[in-house]
Amino acid sequence: MIPLLTPTLVEKSGAGQRVQVDSEAAEAFIGEKRIGERIKYLRLKKSMGLVELGRHTGLSASFLSQLETGRVVPTLRNLARISMVFSKDLSYFFDPEPQTLFRIHRQKDRVRLPQTGVEEPSYFFESLGYMVPDRQLDPYFAEFLPAKAGREPRAHQHVGCEFLYLLSGNLAVRHGETTHELEPGDAVYFDANTIHSYVCRGEVSANALIVTLQHPVPLHLGHGRAAAMNGARMRSLNGNGAASGLKKGLERTQ
C-alpha cells in the first residue's frame, strides 16, 4: 500500500473537507524516498541504458535522466510504467529501503578446521564468510604447515576461480603441471577447475588469504570455440555434481 502524504492544510466547507497538500512537503517526501535513485539502481542492475528504458516505457531518455537525478517529480502513471518494466509493484518505490548486506566475523568467533580426508592434515583453515547468506564468494584464512617427509600434498579442483594472497611464510602452488613459488606479498589468481595443490616451503607455517568464486571461468579461445567448450564444461559439471568451494581442499564450513 502506498502511504499518503500528511496534509498541511485542511479547509472545511459545506460539502465536507477539502485537503490541500503543500508542494514543498510533496517534494520532500519524494526526495526522502529517493525514487530516482531506486529507478537508476533497477536500470543499471539490468545493464539497461536510458534510451532502452525509454523505448519500454514511452518516456524520453532526457526525462528519465532528470527523473533519476531528482530534477523532476514522477507521476504515478509514469512510475507505474517503469515498475512494470522491472516487474516491481508500485509500492517498491515507497517501501523502506532494505538494509544493505554487512557482516563482521570476529576472530574469537571463528572456527579453525583441519584439512579433511587425510590422516595428518597439511593445513588448517577458517571460513571468513560462513555467516553471510547467499554469498557470491567464499573467503578463507589458511595456515599451511611446514612440509613433512612422507606427506604428499592432496590436489583438488572445483568450479570457478581462486585468488590467494600470501601473508607470511613461503608457499609453493602447483597448478596443473607447473609449480610456482610464492613469497609474502605475492598473489595468484587462477582457474580452479585445473587441479591444484599447495606446499609450505621452509620451517615455519605459511599463512594466506584465499577467496574462491563459484562461477565457470571463460576460456581465452576464439569466441565460438570458447562458448562451445564452456557449455560442454557446464553440462559435464552439472551431470557429475560439481564440487563447491574448496570441498576437496579448503572445505566449505557451511
Side-chain angles (χ1 to χ4, degrees), residues 103 105 107 110-132 135-222 225-226 229-234 236-238 240-254:
R103 295 289 188 276
H105 297 95
Q107 184 177 15
R110 295 201 298 265
V111 179
R112 188 170 186 262
L113 298 174
Q115 176 188 14
T116 60
V118 295
E119 293 184 2
E120 188 175 0
S122 60
Y123 60 78
F124 290 81
F125 69 96
E126 301 172 14
S127 171
L128 305 179
Y130 65 93
M131 291 181 63
V132 179
R135 55 187 179 273
Q136 300 300 307
L137 50 83
D138 287 296
Y140 299 90
F141 171 79
E143 177 189 1
F144 298 92
L145 305 181
K148 189 175 182 179
R151 184 174 61 196
E152 293 295 328
R154 185 186 183 197
H156 60 281
Q157 63 187 130
H158 53 88
V159 176
C161 55
E162 186 166 326
F163 171 83
L164 182 148
Y165 178 81
L166 190 60
L167 299 168
S168 64
N170 293 277
L171 188 70
V173 178
R174 184 173 180 83
H175 187 252
E177 300 299 324
T178 307
T179 299
H180 306 268
E181 302 289 339
L182 301 182
E183 298 179 349
D186 290 345
V188 58
Y189 188 110
F190 57 87
D191 180 356
N193 189 63
T194 299
I195 294 178
H196 53 281
S197 60
Y198 322 90
V199 176
C200 175
R201 302 293 200 198
E203 298 180 356
V204 297
S205 297
N207 297 322
L209 173 66
I210 297 178
V211 180
T212 64
L213 182 64
Q214 310 305 318
H215 295 290
V217 179
L219 301 179
H220 297 286
L221 304 170
R225 186 182 174 196
M229 292 189 68
N230 272 325
R233 173 185 291 181
M234 283 302 299
S236 174
L237 292 173
N238 289 336
N240 298 329
S244 62
L246 294 176
K247 277 192 175 180
K248 295 185 179 179
L250 299 178
E251 291 78 10
R252 186 172 177 175
T253 59
Q254 181 171 319

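Note that these values count all heavy atoms, side chains included, but never hydrogens, waters or copies made by symmetry.
Rounding to the nearest 0.5 Å gives a distance of 7.0 Å between CZ of Phe163 and CG of Leu209. Separation of atoms OH (Tyr130) and CG (Leu113) is listed at 10.5 Å; rounding is to 0.5 Å. In this structure, His196 NE2 and Arg174 CZ are separated by 13.0 Å, a value rounded to the nearest 0.5 Å. Atoms CG and CG, from Asp186 and Leu167 in turn, are 11.5 Å apart once rounded to the nearest 0.5 Å. In this structure, CG in Asn207 is found 9.0 Å from CZ in Phe144, a value given to the nearest 0.5 Å. A distance of 12.0 Å separates CD1 in Ile195 from NE2 in His158, rounded to the nearest 0.5 Å.
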*Evaluate the side-chain contact (heavy atoms from CB on, under 4.5 Å) criterion for residues Tyr198 and Leu164: first the C-alpha distance (whole Å), next the side-chain angles of each, then the deciding distance (0.1 Å), finally the verdict.*
CA-CA 11 Å; Tyr198 322 90; Leu164 182 148; 3.8 Å; yes
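Taking each heavy atom of Tyr140 and Ser127 in turn, the nearest pair found is CD2-CA, 3.9 Å. Smallest separation of non-hydrogen atoms from Cys200 and Leu145: CB-O, 3.0 Å. Arg201 approaches Ala172 most closely through the heavy-atom pair NE-CB, 3.4 Å. In terms of heavy-atom proximity, Val173 sits nearest to Leu182 at CG2-CD1, 3.6 Å. Minimum heavy-atom separation, Gly185 to Tyr165: O-CE1, 3.4 Å.
Within a 6.0 Å sphere centred on CD of Glu183, other residues, nucleotides and ligands contribute 12 heavy atoms or fewer. Dense packing is recorded around CD of Glu120, with more than 12 heavy atoms of other residues, nucleotides or ligands lying under 6.0 Å away.
Put simply, the side chain of Asn170 does not reach to within 4.5 Å of the side chain of Glu181, judged on heavy atoms. Looking at Glu162 and Gln157, their side chains never come closer than 4.5 Å, going by heavy atoms from C-beta outward. Side-chain contact between Pro146 and Glu203 is absent, with no heavy-atom pair separated by less than 4.5 Å. Considering only heavy atoms from C-beta on, Arg154 stays 4.5 Å or farther from Tyr123 through its side chain. You'll find the side chain of Pro139 reaches within 4.5 Å of the side chain of Val211, heavy atoms only. No side-chain heavy atom of Cys161 sits less than 4.5 Å from a side-chain heavy atom of Asp191. For the pair Val199 and Thr179, the minimum side-chain heavy-atom distance is 4.5 Å or more. With a 4.5 Å cut-off on side-chain heavy atoms, Phe125 and Ile210 do not count as touching.
Using a 3.5 Å distance cut-off with no hydrogens or angles, the side chains of Glu126 and His105 do not pair a donor with an acceptor.
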